[in-house]
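FYI, side chains are in, hydrogens and waters are out, and symmetry mates aren't considered; it's all heavy atoms of this structure. We number each residue from 1, following the sequence as shown. If you're wondering where the values come from, they're calculated on a predicted model, not measured in any experiment.
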Amino acid sequence: MLTVVTAFTPIWIIGALGWLTGRFRVASGQFQQALTGFTFTIAMPAVLFTTLSRTPLSQIQPRPLLAFAISTVLVGLLALVTLRGKLPDRVIGAMSSAYVNAGNLGIPIGLYVLHDATFVVSVLIFQVLVMSPLIFLGLGVERSSLLAPLRMPIVVASVLGLAMSALGWRLPEPVMRPLDLLGGAAVPLALFALGMSLNGSAVAWRRVAPVVTLKLLVQPLIAFLAGRYLLHLEGHALFAAVLFAGLPTAQNTYVYAAEYGRPTELPRDTILVSSVLSLVTLSVIALLGGISGPLAPGGR
C-alpha cells in the first residue's frame, strides 16, 4: 500500500492546491478554462512529442498490450451502450470507465511495483494513437468531419514523435529543452484545473458508481482473463497488463470534456473516486502479483 500511496501523493497535493484556489476565489472560472485550454492544445502535445520521440519502438510489448487493449475496448463499448445521453456524453462516460492514468501514475507504479516502467510506453501509444482519435471523433460528431481527429494537436504531436523515433532523428537540445519545459506543465496544470472544478458540487454516486466499478474491477478482470486464457500470458507480462488496466481514470478525461464543452461532472467525480479507491484495488493487484500464482511477476 505504501508504494501506491507514494505514487499518488503529488496528485493529491496539486489537486488540493487547485481546490483551495477555487474555494477561496483566488482565481476565476476563466482562469480554470485557460488552464484546461493550454493543457489540451500546448502542454499535452509537447510532452507526448518529447516522450515518444525519445522512446525506441522496440520497447513496445505487443502481447501484454493486446490484453490491455482488449480490456479497454470491451469496457469502453460496455459503457457506451449502457450509459444514457447524447453520443458525446456517452463517449466521455466510456472514456471515464476505460482510459487509464498512464501518463503520471504509470511510471511510478511501474517502477515501484513492476520494477520496470517500459510497459507504460506501450499503453501511452495505444491510448494516444488508437483511442484518442476515436474519442475525438465521438466528441465532435455534431460538428466535425471524419478527419478532424487526425488534426488534433495531441494526435499530430504523437504521430510526429513516433516518426522521429522510427527514423532515429533527434531535434537539437536547444529545441527540445523548451518543449520539455512546456510538456512538464501538462500534468500539474490538468490536476490543478481538476482540483478547482471540485468546489461546490457533491459526488453523483448513482452515476459514478457503475463507471468506477467498470474502471477498477471489470477492466483489470478482463485484462487478466484475456491475457491468461486467450493470449496465454504468464508472470511479468500478465501482471503488467492487469496492473495497468487497474489504474484510475486519467485526468485527460476531464480536460477533453471541458475542451469540447461537454458536462464535466461525471469525469471529474470518476477521477476523484477512482483515484481514492484505486489505492486499495491497486494494492490488492500488487499483492496478488507478489505471491505465488498466475499473477506473480516471476511465476506462472
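- Between the OG atom of S197 and the CG atom of L35 there is a distance of 11.0 Å, given to the nearest 0.5 Å.
- Residues F244 and P220 fail the side-chain proximity criterion, which asks for heavy atoms closer than 4.5 Å.
- Put simply, the side chain of M152 does not reach to within 4.5 Å of the side chain of P45, judged on heavy atoms.
- Between the S274 side chain and the T249 main chain, a donor and an acceptor come within less than 3.5 Å of each other.
- Nearest heavy-atom pair, L216 versus G246, reported as atom, atom and distance to 0.1 Å: CD2-O, 3.7 Å.
- With rounding to the nearest 0.5 Å, the separation of CG in L124 from CG in L65 is 10.5 Å.
- Atoms CG and CZ, from L243 and F224 in turn, are 14.0 Å apart once rounded to the nearest 0.5 Å.
- What you find for A102 and V123 is that their closest heavy atoms are CB-CG1, 3.7 Å.
- Using modelled atom types, no side-chain atom of R63 and backbone atom of A237 make a donor-acceptor pair closer than 3.5 Å.
- The cluster map of Ile, Leu, Val, Met, Phe, Trp and Tyr, joined by side-chain heavy atoms under 4.5 Å apart, puts L48 and L181 in different clusters.
- Of all heavy-atom pairs spanning A193 and T36, the tightest one is CB-CG2, 3.7 Å.
- Hydrophobic clustering (side-chain heavy atoms under 4.5 Å, transitive across Ile, Leu, Val, Met, Phe, Trp, Tyr) keeps V81 apart from I70.
- Under the 3.5 Å distance criterion, the side-chain polar atoms of S97 are left unmatched by any main-chain donor or acceptor of L214.
- Remark: R170 CZ is packed, more than 12 non-hydrogen atoms of other residues, nucleotides or ligands lying under 6.0 Å away.
- I154 has its side chain within reach of Y256: a pair of non-hydrogen atoms, C-beta onward, lies under 4.5 Å apart.
- By the ring pair (Phe, Tyr, Trp, His ring centres under 6.0 Å) test, F49 is found to be paired with no residue, residues two or more places apart in sequence or in another chain being considered.
- More than 12 heavy-atom neighbours from other residues, nucleotides or ligands sit within 6.0 angstrom of CZ on R54.
- Judged purely by atom type and a 3.5 angstrom limit, S158 has no side-chain atom pairing as donor or acceptor with the backbone of V128.
- Residues T72 and Q219 have side chains that bring a donor and an acceptor to within less than 3.5 angstrom of each other.
- Heavy-atom contacts from other residues, nucleotides or ligands closer than 6.0 Å to CH2 of W205 number 12 or fewer.
- By the 4.5 Å heavy-atom criterion applied to side chains, K215 and V75 are not counted as neighbours.
- Residues F192 and Q32 have side chains not in contact (no heavy-atom distance under 4.5 Å, counting atoms from C-beta outward).
- Proximity of a side-chain donor or acceptor of R90 to a complementary backbone N or O of A79 within less than 3.5 Å is not detected.
- At least one side-chain heavy atom of L52 sits under 4.5 Å from a side-chain heavy atom of I125.
- With no hydrogens or angles considered, a side-chain donor-acceptor pair links Y99 and S132 at under 3.5 Å.
- For P267 against T253, the heavy-atom pair with the smallest separation is CB-CG2, 3.5 Å.
- Atom CE of M44 sits about 14.0 Å away from atom CG of L182, to the nearest 0.5 Å.
- Judged purely by atom type and a 3.5 angstrom limit, T21 uses its side chain to pair as donor or acceptor with the backbone of L17.
- Using modelled atom types, no side-chain atom of E265 and backbone atom of A204 make a donor-acceptor pair closer than 3.5 Å.
- Cluster membership for I222 and L217, using ILVMFWY side-chain heavy atoms within less than 4.5 angstrom, is not shared.
- Side-chain contact between F239 and F119: absent, with no pair of heavy atoms (C-beta onward) separated by less than 4.5 Å.
- If you take CZ on R262 and CD1 on I92, they are separated by 8.5 Å, rounding to the nearest 0.5 Å.
- Ring-plane geometry between F136 and Y260 is classed as parallel, the angle between the planes falling under 30 degrees on a 0 to 90 degree scale with a further cut at 60.
- Open room surrounds CD on Q30; 12 or fewer heavy atoms of other groups in view lie less than 6.0 Å from it.
- Atoms CG and CD1, on L162 and I60 in that order, are 7.0 Å from each other to the nearest 0.5 Å.
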